[in-house]
Peer 1: 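I have a structure I would like to understand better, so I am pasting it below and will then ask my questions one at a time.
This one's a predicted model, so the numbers in the text were calculated from it and none came from an experiment.
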Amino acid sequence: MARTIDASDTPPVTPSIDPAEVAKFSAMAADWWNPNGKFRPLHRFNPTRLKFIRETAERHFGRPKGQLRPLDGLRLLDIGCGGGLVSEPMTRLGAKVTGVDASEANIKTALTHAAEQGLKIDYRAGTAEGLLASGEAAFDIVLNMEVVEHVADPAQFLKDTARLVRPGGLMIVATLNKTAKALATAVIGAEYILRWLPPGTHDWSKFLAPEDVAGPLESAGMETEPAIGVSFQPLSGEWKLSGDTSVNYMVVARRPAA
């Protein structure tokens, strides 16, 4: 496993690690589980992405709808897991979850909260390339949720994480599109006007168009589906799946079983 790091370290730049991004999220680690804190937008966004992950996995693995633990028997990697906002629900759905994050502060928060909830989750401070170097067995599901826009080399990061998907397995990527609308809403609006996120949380130059996500995954042997938009509904204050991929979107990729 890759060496652990925290905000006081100066980690080397690797495909997964941009030191400035790691330090940024390490400084906010204690706030992960505060629904009205710095990660409030993720708490509001979470129900939509969790429902999408569950339904996509049910279809892909042929699991009946309505089961309490539809992911039983599946190994799941939550890469860039942060404080565990996705890892914990996936564990409750039956998956055997490994959560990996480059920030040791995030992992400490995740471990503490999981213990308080009585959940067993394999949390590790490390990187995708660290998992590969250690010979980690491939996973049934790999989740790349709002992390690729924070790494040093997105294309290589996507290729590395694709190698962690077993034949017949599934990956879901969620990120932000590199459009003027995304700059106006996800950066200027959300960070500097509405103050939903601390200023500087996102760097628009690191946002990726859907083809910038699909390309590296396909070159790594994955089959991708068209991007699915996730749009904020101002009247209800909720997020919904939509055909608008101009700001937030998700990409489903599958590794052929053969």
Peer 1: Please verify the inter-ring angle class for W33 with H113; under 30° counts as parallel, over 60° as perpendicular, anything in between as tilted.
Peer 2: parallel
Peer 1: Taking all heavy atoms of P216 and all of A155, pick out the closest pair and write down the distance.
Peer 2: CB-O, 3.6 Å
Peer 1: What do the steps show when you test V252 against F52 for side chain to side chain contact (heavy atoms under 4.5 Å, CB included), and what is the final call?
Peer 2: CA-CA 10 Å; V252 174; F52 179 78; 3.6 Å; yes
Peer 1: With distance as the sole test, does T179 use its side chain to make a donor-acceptor pair with the main-chain N or O of S246 at under 3.5 Å?
Peer 2: yes
Peer 1: About how many Å separate CZ of R44 and CD of E238, when rounded to the nearest 0.5 Å?
Peer 2: 8.0 Å
Peer 1: Using side chain to side chain contact (heavy atoms under 4.5 Å, CB included) as the criterion, point out the one residue from D244, V173, T175, L241 that pairs with Y249.
Peer 2: T175
Peer 1: Nearest 0.5 angstrom please: T48 OG1 to W239 CH2, how far?
Peer 2: 9.0 Å
Peer 1: Compare every heavy atom of Y123 with every heavy atom of A114, then report the nearest pair and how far apart it is.
Peer 2: CB-CE1, 3.9 Å
Peer 1: State the CZ-CG distance between R40 and D31, to the nearest 0.5 angstrom.
Peer 2: 12.5 Å
Peer 1: Within the structure provided, determine whether D140 and L76 are in side-chain contact (heavy-atom separation under 4.5 Å).
Peer 2: no
Peer 1: Could you tell me if the side chain of Q67 sits less than 4.5 Å from the side chain of D72, heavy atoms only?
Peer 2: no
Peer 1: Can you measure from NZ (K65) to CZ (R59) and round to the nearest 0.5 angstrom?
Peer 2: 7.0 Å
Peer 1: Is K178 salt-bridged to D212, cutoff N-O under 4.0 Å?
Peer 2: no
Peer 1: Identify the heavy atoms of A128 and T161 that sit nearest to each other, and give their distance.
Peer 2: CB-CG2, 3.8 Å
Peer 1: Looking at CD1 of I121 and CZ of R92, how far apart are the two atoms once the value is rounded to the nearest 0.5 Å?
Peer 2: 8.0 Å
Peer 1: Please give me the minimum heavy-atom distance between G99 and S87, naming the atom from each residue.
Peer 2: CA-OG, 4.2 Å
Peer 1: For a quick test of reading the model, state the closest non-hydrogen atom pair linking L217 to L158 and the distance between them.
Peer 2: CD2-O, 3.6 Å
Peer 1: Does a side-chain heavy-atom distance below 4.5 Å link L176 with N248?
Peer 2: yes
Peer 1: S231 versus V247: any side-chain heavy-atom pair under 4.5 Å?
Peer 2: no
Peer 1: Give the C-alpha distance, both sets of side-chain angles, the deciding distance and a yes or no for side chain to side chain contact (heavy atoms under 4.5 Å, CB included) between C81 and L143.
Peer 2: CA-CA 9 Å; C81 63; L143 299 180; over 6 Å; no
Peer 1: Is any side-chain heavy atom of F157 closer than 4.5 Å to one of V147?
Peer 2: yes
Peer 1: Between CE of M250 and CD1 of I172, what distance do you get to the nearest 0.5 Å?
Peer 2: 7.5 Å
Peer 1: For the pair N46 (side chain) and L85 (backbone), establish whether a donor and an acceptor sit closer than 3.5 Å, ignoring hydrogens and angles.
Peer 2: yes
Peer 1: Do you know the tightest heavy-atom contact between V165 and R255?
Peer 2: O-NE, 3.0 Å
Peer 1: With heavy-atom distances below 4.5 Å as the criterion, would you say the side chains of M90 and D78 are in contact?
Peer 2: no
Peer 1: Donor-acceptor check, side chain of D160 to backbone of E129, threshold 3.5 angstrom: yes or no?
Peer 2: no
Peer 1: May I ask you to check whether D203 and S205 show a side-chain donor-acceptor distance below 3.5 Å?
Peer 2: yes
Peer 1: Any side-chain heavy atom of L77 within less than 4.5 Å of one from L131?
Peer 2: yes
Peer 1: Does the distance from a Lys or Arg side-chain N to an Asp or Glu carboxylate O, for E225 and R254, drop under 4.0 Å?
Peer 2: yes
Peer 1: Run through N106, T109, T127 and flag the one making a side-chain hydrogen bond (donor to acceptor under 3.5 Å, both in side chains) with D101.
Peer 2: N106
Peer 1: Considering residues, nucleotides and ligands other than R166, do more than 12 of their heavy atoms fall under 6.0 Å from its CZ?
Peer 2: yes
Peer 1: How about K159 and S219: do any of their side-chain heavy atoms sit closer than 4.5 Å?
Peer 2: yes
Peer 1: Determine whether R49 and L42 satisfy the following criterion, side chain to side chain contact (heavy atoms under 4.5 Å, CB included), listing intermediate values before the conclusion.
Peer 2: CA-CA 10 Å; R49 64 178 178 175; L42 278 183; 4.0 Å; yes
